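Encoded as structure tokens, the structure appears first; notes follow it.
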Amino acid sequence: MAAVATAALFGLSYLQVVLIAVLLVLVAAVVASSLRQNTPSLPPGPWGFPVVGIFPALGSRPHHAFSRMAEKYGDVFRVKFGSRTVIILNGIDMVKDAFVKQSACFAGRPALYSFKQVKNGITFKTYSPSWVARKKVTVGALKGFVNGRVGALTASAETMITEEAQELARVFLSKSGQPSNPEEYAHTAVANVVCALCFGKRYEHGDQEFRQLLRNTEKFRQAIGAGNPADFMPWLRFFPNKNMKLFKEAMESSTQLFDKHINAHLQTYDPSVIRDIADALIYNMRENKEAGLTDEFVLECVIDIFGAGQDTTSQMLHWAFLYMLVFPDVQARVQREIDGVVGRERAPTLADEASLPYTVAVIQEIVRHTGVVPMSIPHLTTKDTQLHGYTLPKDTIVFANLFSVGHDRRIWGDPSSFRPERFLDPSGTTLDPAAVEKNLPFSAGKRRCPGEHLAKQEMFLFFSILLQQCSFERVNGTASPTLEGTFGLVMRPQPYSMIVRPR
Ligand code: HEM
């Protein structure tokens, strides 16, 4: 009554009073939120819009936007993703100070809405004694299988990758002289390597089950490739979400498919004959009884390895062809090096890697220049944590801008130039390990990618075997394709066509 009386006094209607009251509440909420954002213990950062936070300011290249913000606010700053405060780390020192020097404090994973939909062994699970056991078994199985150090192997990872690289060269050369988009071929070849490595199955290109797997990967990419807004704006979950529907369908379909193969492995497992990564996982899991893992873990872990290991490596290959089209001189120099060291009579092997420093430097430079997994996977602080004088409360989401590590002017001088020589010593004849250490494409600390060793073997064998046999050229009369990728969990080249010719 008092409000109505006051309103009458100022000549306002009842409706106007209500509107003013609502407006005041909104203003108070924004002020309170901005005061919270400026809590002295948190690092500085830009203002976010109410409700949506920083999203509208990020554009189509968030990794570039964050790198620019780092120039203004420093290597650690905070932003709002929807209603959540998120910390962004930039540059190698900041990422290592957090992920390596305080590894356990930054090893959590947020329980994001989309992560909860994924059946997985380690990637989306948060830090806990059970996660530590899972990661130990996974790393042991991957390293053991790739290095031939787990039981008696029936085939080596190197043989499986080499066969697939030879097959890809055959497919490319069968289309010699015709323009083609290499994405699907790279995707098929790498998916086949991962399936062969994980459960010993190689598919023919037209196989129905295999096409289904590839379709599922495409759905995953569409659904969470560039992030799912509903993860940070929970109210969006009440609206129909086509991407989440696709995502769940793909998850169910892949789980069914892998389940069949993993069950067969569990039934026929023999510790004296290790056929593939699934066997290596069973072996390691049973050796590490204290980890307390059940057979279900083998399926969860294979789903993880397939998901994490396929799109990353196949997009790297997809990028590699593109760089060879755009930089024909680099391509010619790689081919000269391979001809001089390996010749044309036999395929390059991992034993040749140390004698092919320029080839390895080119792969390193492609990985650096593309910033292949630009924002890593979100971490979570596991307790209140100090970083460079700031206090990050427990359960704060932290992203590492890995793109900024490979594009830090203070380290690389001219990061935008594509210059493989930066990975060679001054004589230009030996790989410079110190330069390699300055990039972190596989992240760092407890969450570091367990597939790094395998991914490097795949990239070296595919790249060197293909360049030994094929030349990659631009389609006559077309402009040089762009090196500007499409942002996502994994950076992807924009569609392009190339012509392959036999050498
Ligand atoms: C070029 C290839 C690859 C790149 C650039 C890459 C990069 C990464 C990055 C940046 C992360 C996130 C680390 C973090 O959270 O800080 C990651 C995680 C992971 N990667 Fe890779 N990866 C590649 C290939 C592979 C392969 C071949 C496999 C499996 C065989 C694999 C398995 C995994 C798994 C399981 C995780 C989750 C680790 C965890 O949560 O502890 N990756 N990878």
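Keep in mind the model is a prediction, meaning the values are calculated, not measured. Order of appearance sets the numbers: ligands from 1, and atoms from 1 within every ligand. The basis for the numbers below is simple: all heavy atoms, side chains too, and nothing from hydrogens, waters or symmetry mates.
The shortest N or O to N or O distance between Asp304 and ligand 1 is not below 3.5 Å.
The protein atom (non-hydrogen) at minimum distance from atom 15 (O) of ligand 1 is Arg109 NH2, 2.8 Å. Atom 29 (C) of ligand 1 has Ile305 CG2, 3.7 Å as its closest protein atom, hydrogens excluded (heavy atom only). When hydrogens are left out, the protein atom nearest atom 13 (C) of ligand 1 is Arg447 O, 3.2 Å; that is the closest non-hydrogen contact. Residue, atom and distance of the protein heavy atom nearest to atom 37 (C) of ligand 1 are Thr123 OG1, 3.4 Å. Looking from atom 10 (C) of ligand 1 to the surrounding protein, the closest heavy atom is Pro441 O, 3.4 Å. What sits closest to atom 41 (O) of ligand 1 on the protein, heavy atoms only, is Lys135 NZ, 2.7 Å. For atom 5 (C) of ligand 1, the closest non-hydrogen atom on the protein side is Val372 CG1, 3.5 Å.
Under 4.0 Å from ligand 1, the heavy atoms of Met316 that appear belong solely to its side chain. With a 4.0 Å heavy-atom cut-off, ligand 1 is reached by no atom of Val367. With a 4.0 Å heavy-atom cut-off, ligand 1 is reached by the side chain of Trp131 but not by its N, CA, C or O.
Protein N/O/S atoms found under 2.8 Å from atom 21 (Fe) of ligand 1, listed by chain and residue number: Cys449 SG.
Salt-bridge formation is detected for the pair Arg286/Asp295: a Lys NZ or Arg NE/NH1/NH2 atom is positioned less than 4.0 Å from an Asp or Glu carboxylate oxygen. Contact check on Glu209 versus Lys260 returns a salt bridge, with a Lys/Arg side-chain nitrogen under 4.0 Å from an Asp/Glu carboxylate oxygen. A salt bridge links Glu421 to Arg333: at least one charged side-chain nitrogen sits closer than 4.0 Å to a carboxylate oxygen. Lys101 and Asp93 are not joined by a salt bridge, as no carboxylate oxygen comes within less than 4.0 angstrom of a charged side-chain nitrogen. Residues Glu252 and Lys248 are not paired through a salt bridge, judged by the lack of any N-O separation under 4.0 Å between the basic side chain and the carboxylate. Ion pairing between a basic and an acidic side chain is recognised when a charged N comes within 4.0 Å of a carboxylate O; Arg61 and Glu484 show such pairing.
Note on ring orientation: taking the six-membered ring where Trp is involved, the planes of Phe77 and Phe66 are tilted (angle from 30° to 60°). Ring-plane geometry between His369 and His407 is classed as tilted, the angle between the planes lying from 30 to 60 degrees on a 0 to 90 degree scale.
A cation-pi arrangement is absent between Lys143 and Phe145, since the terminal nitrogen or guanidinium carbon is not both under 6.0 Å from the aromatic centre and inside a 45° cone about the axis.
Judged as a side chain to side chain donor-acceptor pair (under 3.5 Å), the pairs with a partner in residues 351-367 (not counting sequence neighbours) are, in order, Glu337-Thr359, Arg346-Asp352, Thr349-Asp352, Glu365-Arg368, Glu365-Arg422.
For an aromatic pair to be called close, the ring centres must be under 6.0 Å apart, and Trp412 with Phe423 satisfies this.
Proximity of His379 to ligand 1 is established by a heavy-atom distance of less than 4.0 Å.
Here the shortest heavy-atom distance to atom 14 (C) of ligand 1, taken over Gly307, Ser376, Pro378, belongs to Ser376.
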Working for side chain to side chain contact (heavy atoms under 4.5 Å, CB included), residues Thr188 and Leu214: CA-CA 8 Å; Thr188 304; Leu214 297 182; 3.8 Å; yes
